Number of protein chains: 2
Amino acid sequence: MPDQAVTLKDVARLAGVHPATASRALNPETRPLVNEETSRRVLTAAAELGYRPNAVARSLRTRRTHTVGVLIPDLNNPLFPPIVRGLEDRLDAAGYVALIGNTDGDSTREQRIIEQMRARNVDGFVLATAHLRNPQLGHTAEAGLPVVFMNRIAEDYSFPSVTVDNERGARMAVSHLVALGHERIGYIAGPQDVSTGLTRYRGFQAAMDAAGQEVRGDLVTFASSFSIGEGYRCAQQILSAGGCTAIAAGNDMLAVGCYEALDDAGLSCPRDISVVGFNNMPFIDMLRPPLTTVAFPHYEVGTQAAQLLIEQLNGDEGPVKALFLAPELITRRSTAQVS
Amino acid sequence: MPDQAVTLKDVARLAGVHPATASRALNPETRPLVNEETSRRVLTAAAELGYRPNAVARSLRTRRTHTVGVLIPDLNNPLFPPIVRGLEDRLDAAGYVALIGNTDGDSTREQRIIEQMRARNVDGFVLATAHLRNPQLGHTAEAGLPVVFMNRIAEDYSFPSVTVDNERGARMAVSHLVALGHERIGYIAGPQDVSTGLTRYRGFQAAMDAAGQEVRGDLVTFASSFSIGEGYRCAQQILSAGGCTAIAAGNDMLAVGCYEALDDAGLSCPRDISVVGFNNMPFIDMLRPPLTTVAFPHYEVGTQAAQLLIEQLNGDEGPVKALFLAPELITRRSTAQVS
DNA sequence: TTGTAGGCGTTATCAC
DNA sequence: GTGATAACGCCTACAA
C-alpha cells in the first residue's frame, strides 16, 4: 500500500538530503561522488520506503529504455522458443528486456512492427527475419539503432550476425546420404530469398559435386516457405519424378511435410526413401522414424545475438562480428543404407 | 536522418500553433476540441516532418506504458507459443505490448521478474503460473494492478481468468477409455498444487466413479512436474504395478514420457496399453502413434485473457469473469478397444 | 561533497 | 478554440 507514490524526493526528504544527492547515492555509477555516510543514509531511507526508481522517468532523461525489439517469423515455429529464451536470458542479465514481434513472413507487417517498436524507443533490434535484399532495413540502420541478425543474414556482412554454418551443415547432410550409398538424391530447397534457404542449397550442390554426382533437375524443388505444407507439396513433386532413394530437406519443417507425403504414397522411411532435415528442432526426435538432421545450439544463437547487441549498446568499437556456430549431424533412424 | 529529433514542438512551430494545440490535434481523443482547419494544418506538418510521438514522455505524463507483463512457466513448452501469440495479437490490436517472463516454475525467480516488470511500470499482468496458494500474488494485487489468470487459476475466483474446463476434459478422456472396454485404468496426475493438475485428477476420479470402477491406488502416480521425465518415471511405476490396460496422463508431456516408458518396456501402444493425454499441444499428432488427447483452443486462451485484461485496463466495471473454454476429445491412434 | 536549476517530450489545467 | 504554464520523476552540468 505505501507504494507506487514513493519517489526520489520522498527518499531524499527522509534521508535529509537534496534529491540530487539521493539520485547520486542510489546510482552505483555516481555513488563514489557522495559521502559514504550520507549515501548509507540514503540507501537506508530508500529501503525503508520501498523505493523503486521510475524507469519511465529515467528513460526520458537518459534516452535509453533498456528495451530491445526482436523480430521473428513466428513463435509457433518450434525452432524459435529456445532461441528466444537464450536471447531473453542474456538480455535480462544485462538489464534489458525484449519486445517480441511475429512477422509471419509479411514485410508490411514487419514494417509496422518496426515502426511501433521505434515509437517505443527500443534501444536496438535483433532480427531473425532478414531477407537477402532487405529494403526496410535501410531505414532502421539509418536511424542509428544497433541491429543484429540472427539465424538468417542479409546479403553482406555489414551487420553483426549469429548464424549456423549452413553450407557446411548441408554438405554434412548430403555427404551422409552419399556415404550410405545413395546415388539419386532429391532436394527440397527452402526459399531462395533468405540466406538459410540459399546457402543450404549451395551446400547441397557442393556436396553433390564433391561426390561426383549429377544434380537431377527434376529431383530438386523449391519451397516457397519453410512449412510442412510446402514440404508436402515439394516431396510429392519429387516422388512423381521417380527414381530417387533419398531426400534432403532445407529444414525440419519441410522434412515433416516429406514424411506426410511418403505416408500418403504408401512409402516407408527409411526402407524406401531416406530423409534428412536441418535444425534438429525440439521434439523432432519424437517422430517416427526419428529424423536424421543437422543440429546446432539454438539457445546459444540467442545468447550470442544478445551479446553482440549488448556490445554495440555499450559502445564497444571494433570490426563487425559474424559468428558462425558449428553444425553437427545427428544420425537417427530416417536414413539408411540404400537397399 | 531527419529523424529522432523531431518533437511536438517542431510540429507546432511548422504549423504555427502552440505545442499544446498540436498535442490536442494529434490525439484523436482530444481532436474535437480543436478547430478543424487548425488540426489539419497540424496533421500535415506532422506528416511532413515524419513526427512520431515519444512514448516514454507520454507515459511519464499519463502514467500508462501500454505494456503488460506476461508470466509463463517456460516458452519451450509447446503449449505456450500459440497462447502467447493469441495474447500478443489481441494486445497489439489494443495498442499494448507484452513483456514475456519465464519462471521455470521457480517462485523466487517469478518474484524477481514481477519486481522488474513493476519497475518498468507495466499496466497489468497476465499470469499462466498460478499456484493454488500463491503468496506473492498478494503484493501484486495489493499494488492495484489488474491481474488476469490464464490456463491455471488460484484457489478461488477472485481474479478474472481463462481456463479450460479441466474436470470435464479429464472425464471425457477417461470415459473414452471406459467406453473402449478398459477396466484397469492407470492415471499419471500432474502436480497437485496447481489447478490443472488437481482438477484433472478430480475429473479422473469422477469419471471412474461414474463408471462404477474402482481407482486402484497402485495405478495412480503423481508427477512432480508436467515433464517428459516425470511422465517416464510415473509410467514405469504404474507398469511395474502390473495389470493395467490403459493410462491417462495429466497432460501431453506426461503422455510423451509414457510413450518412452512403454518403448523401453517393450510394450506397444495401443496394442498392449492405450494412452490418452491432455492439451493437444502442437506436433503431438506427429508422434507414433498419434496421441488421443483433450484439445482446447490455445490461441483463444491468449486472446480471451488479453481481452479480460484490456477490459480492466479500460476501467470497465462489473463482476469478475471466469471463462471456461470447452474441451474436446480428439481420438487418434493411441487408444484402442481393450484386447 | 552537496545544492541549484534546467530540461527530457508530453499532456492536463488553467485562463483568455 | 487556443495559449500559457506546470508537472510527470529523474539526471546532470554547474555553482557553491
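Order of the sequence lines sets the chain letters (A, B, ...), proteins ahead of strands, with each chain counted from 1. Being a predicted model, the structure only gives us computed values, none of them experimental.
Note on S23(B): every side-chain N or O is 4.0 Å or more away from OP1 and OP2 of dT10(C). For T62(A) and dC11(D), the shortest distance from a side-chain N or O to OP1 or OP2 is not below 4.0 Å. T38(B) has a side-chain polar atom (N or O) that falls below the 4.0 Å cut-off from OP1 or OP2 of dT2(D). Between dG9(C) and T7(B), no contact under 4.0 Å exists linking OP1 or OP2 to a side-chain N or O. Note on H18(B): a side-chain N or O is less than 4.0 Å away from OP1 or OP2 of dA4(D).
A salt bridge links R109(B) and D104(B); the closest N-O separation between the charged side-chain nitrogens and carboxylate oxygens is under 4.0 Å. A salt bridge links E311(A) with K321(A): the distance from a Lys NZ or Arg NE/NH1/NH2 to an Asp or Glu carboxylate oxygen falls below 4.0 Å. Using a cutoff of 4.0 Å between basic side-chain nitrogens and carboxylate oxygens, R24(B) and E29(B) are not scored as salt-bridged.
For the pair N54(A) CG and dC8(C) P, the interatomic distance rounds to 18 Å; values are reported in whole Å. If you measure from atom CG of L26(B) to atom P of dT10(C), you get 9 Å, rounded to the nearest angstrom. Rounded to whole Å, atom P of dT10(C) lies 10 Å from atom CG of N121(A). Rounded to an integer number of Å, the gap from CD of E29(A) to P of dC11(D) is 11 Å. Between K9(A) atom NZ and dG3(C) atom C1' the separation is 15 Å, expressed in whole Å. Distance R24(B) CZ to dT13(C) P: 12 Å, rounded to the nearest Å. R61(B) places its CZ atom 9 Å from the P atom of dT11(C), with the value rounded to the nearest Å. In this structure, L60(A) places its CG atom 12 Å from P of dC10(D), rounding to the nearest Å.
The N35(B) side chain lies nearest to dT2(D) when the options are dT2(D), dT10(C), dT2(C). Distance from the side chain of A57(B) is smallest to dT10(C) among dT2(D), dC10(D), dT10(C).
Note on V17(B): only backbone sugar-phosphate atoms sit closer than 4.0 angstrom, heavy atoms only; bases stay farther off. Within the 4.0 angstrom heavy-atom criterion, only backbone atoms of the sugar-phosphate kind lie near P53(A); the bases stay farther away. Heavy atoms of T30(B) sit nowhere under 4.0 angstrom from any nucleic acid atom.
Annotation for Y157(B): atom OH does not count as buried by contact number, only 12 or fewer foreign heavy atoms lying within 6.0 Å.
In terms of position along DNA chain C, the nucleotide closest to P32(A) lies nearer the 5' end than the nucleotide closest to the other residue of the pair P32(A) and A20(A).
H66(B) and Y96(B) have tilted rings, their planes meeting at an angle from 30° to 60° on a 0 to 90° scale.
Between the side chain of R63(A) and the base of dG9(C) there is no donor-acceptor pair of N/O atoms closer than 3.5 Å.
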